[in-house]
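In each ligand, atom 1 is the first atom listed, and ligand 1 is the first ligand listed. Quick note: numbers below take in every heavy atom, side chains included, and nothing from hydrogens, waters or symmetry partners.
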Amino acid sequence: MKIAFFDTKPYDKPSFEKFGGVSGVEFKYFETKLNEDTVDLAGGFDGVCVFVNDTVNAAVIDRLNEMGISIVALRCAGFNNVDLKHAKGRVRLLRVPAYSPYAVAEHTMAMLLTSIRRIHKAYIRTRDFNFSLSGMTGFDLHGKTVGVIGTGRIGRVFIDICRGFGMRVLAYDKYRAEGLDNGDTVRYVELDELFRKSDIISLHCPLTEETYHIIDGASLEKCKRGVVILNTSRGALVDAEALLTGIKSRKVGAACLDVYEEESEFFFEDFSGHILEDDTLARLISMPNVIVSSHQAFLTEEALENIAETTVKNIVDIVKNGKCDNEILID
Ligand code: NAI
């Protein structure tokens, strides 16, 4: 089996070579992202392997079909970059539903602690032998209320971590997880209450039509002054312009973003030495109380191994058995 692998980064290859090698799946690695302009590179292959910022729209799907390709293996959990309606009946979509919820949840807490304890500032100051503490006052997490939107695999691990810090959790999910609400330190509430009572809000739901801009001007209006916004899920869950306005007005105390609405233009690439064209992203990064990482929450050794192992198994299952437990079934 020959698979065209798009948006390749050096850290992808070792684990895919390892699991592909023992399963008879041969990968050809392309650095470019998959889109209408690059799809022809997949000619002659049995399928494509894509990541979060590759484009699987109608035009790409049609061209894949014209080249006889019907396997799209996503090496990620989310699939908001796929035109699902158009994909139905045309391509088999495989994904990696869970590779390490710990990787993402731990990164979320790392960003929160870095932000509120000013670790990013301390790192730069002490390297310059500046040992002043001015402007470094943080706050305790113990006793604070964290609102968690999305209580799936990652959300629940993050809730466990927060409970370890002695925080109270207000949770919201369209489909509530059984046994999570203990009526005390973890309570399911409606979104309105979550916005009004949370000191910190963390997003762990998928990007859908319903969750698009779940954090916008109207929801921020309901929040406490000084609320901390954490987004390690998908960029478009947050209206970046509204967030920027909230930060300027001091309504938002801090923001930690591993994802950004327009990230596909920039994330995973080196733009140092260039003039960043996105004014909103540049302005957000310039804020002392905003921390941005470039969609790296998943990036642990454990997660990379799990991603490669599951993706290879998905491809083998669908080619050899015609079915795969991790196929995205479209209604
Ligand atoms: P999951 O599927 O286990 O959990 C998602 C939860 O969101 C479910 O409980 C679901 O019921 C809930 N949900 C669905 N629609 C909702 C709505 N309208 N309102 C509120 N909740 C809703 O997914 P998992 O593994 O926990 O991942 C969560 C998200 O994290 C993914 O969708 C993905 O976007 C993001 N992610 C980010 C990564 C990164 O590197 N930054 C890596 C992996 C995932």
Side-chain angles (χ1 to χ4, degrees), residues 7 9 11-12 50-54 74-82 84 93 95-112 147-162 169-181 186 188-195 198 201-216 219 229-238 255-261 263-264 267-268 291-308 310-311 325-326 328-329 331:
D7 201 9
K9 294 289 176 284
Y11 49 77
D12 289 318
V50 301
F51 197 47
V52 292
N53 289 325
D54 290 296
L74 291 113
R75 53 182 192 278
C76 53
F79 44 86
N80 51 283
N81 51 338
V82 179
L84 287 183
L93 297 167
R95 68 171 184 139
V96 185
Y99 29 94
S100 172
Y102 309 103
V104 182
E106 289 171 15
H107 188 82
T108 311
M109 181 50 87
M111 292 188 94
L112 174 60
V148 176
I149 300 180
T151 55
R153 297 177 195 89
I154 296 169
R156 289 204 300 275
V157 174
F158 185 66
I159 287 172
D160 281 347
I161 294 172
C162 290
V169 179
L170 296 178
Y172 172 78
D173 198 300
K174 200 175 166 191
Y175 311 98
R176 297 182 171 194
E178 252 178 67
L180 184 65
D181 187 324
V186 183
Y188 271 114
V189 294
E190 290 306 316
L191 262 186
D192 242 44
E193 183 175 350
L194 184 148
F195 287 136
S198 299
I201 295 175
S202 196
L203 302 173
H204 299 290
C205 55
L207 175 63
T208 63
E209 276 173 23
E210 273 173 309
T211 59
Y212 176 78
H213 284 184
I214 197 164
I215 299 291
D216 61 4
S219 49
I229 303 292
L230 312 175
N231 187 9
T232 56
S233 208
R234 282 294 180 268
L237 295 174
V238 175
C256 301
L257 310 172
D258 185 52
V259 285
Y260 173 68
E261 225 177 330
E263 70 177 44
S264 56
F267 281 18
F268 308 136
I291 295 181
V292 174
S293 55
S294 46
H295 208 135
Q296 76 174 65
F298 74 98
L299 196 60
T300 64
E301 288 169 12
E302 292 80 357
L304 288 175
E305 287 257 315
N306 289 341
I307 288 169
T310 307
T311 304
D325 291 343
N326 294 325
I328 301 167
L329 299 172
D331 307 326

Enquirer: Kindly state whether the ring of F195 and the ring of Y172 have centres lying under 6.0 angstrom apart.
Expert: no
Enquirer: With a 4.0 Å cut-off on heavy atoms, is C205 in contact with ligand 1?
Expert: yes
Enquirer: Does even one non-hydrogen atom of A98 get within less than 4.0 Å of ligand 1?
Expert: no
Enquirer: Does the N or O separation between T208 and ligand 1 drop below 3.5 Å for any pair?
Expert: no
Enquirer: Hey, does Q296 come in under 3.5 Å of ligand 1, counting only N/O atoms on both sides?
Expert: no
Enquirer: Could you list the atoms of ligand 1 found under 4.0 angstrom from a heavy atom of D258?
Expert: 39 (C), 40 (O), 41 (N)
Enquirer: Are any of the N/O atoms on S233, whether in the backbone or the side chain, positioned under 3.5 angstrom from an N/O atom of ligand 1?
Expert: yes
Enquirer: N/O of I154 under 3.5 Å from N/O of ligand 1, yes or no?
Expert: yes
Enquirer: If you look at every heavy atom in D258 and A297, which pair is closest and at what distance?
Expert: OD2-N, 3.0 Å
Enquirer: Before signing off on this row, confirm whether R153 and ligand 1 have an N or O atom pair separated by under 3.5 Å.
Expert: yes
Enquirer: For Y99 and ligand 1, does the shortest N/O to N/O distance drop below 3.5 Å?
Expert: no
Enquirer: Starting at SG of C162, measure out to CD1 of I159 and round the result to the nearest 0.5 Å.
Expert: 7.5 Å
Enquirer: Is the OH atom of Y11 crowded by more than 12 outside heavy atoms at less than 6.0 Å?
Expert: yes
Enquirer: Which side chain to side chain donor-acceptor pair (under 3.5 Å) pairs, counting each pair once, include a residue from residues 151-161, with sequence neighbours left out?
Expert: T151-D173, T151-Y188
Enquirer: Kindly list each side-chain donor-acceptor pair under 3.5 angstrom involving residues 299-308, sequence neighbours excluded, with atom names and distances?
Expert:
unit_1: T300; atom_1: OG1; unit_2: A303; atom_2: N; d: 3.1
unit_1: E305; atom_1: OE1; unit_2: K18; atom_2: NZ; d: 3.0
unit_1: E305; atom_1: OE2; unit_2: K18; atom_2: NZ; d: 3.3
unit_1: N306; atom_1: ND2; unit_2: Y99; atom_2: O; d: 2.6
unit_1: N306; atom_1: ND2; unit_2: E302; atom_2: O; d: 3.4

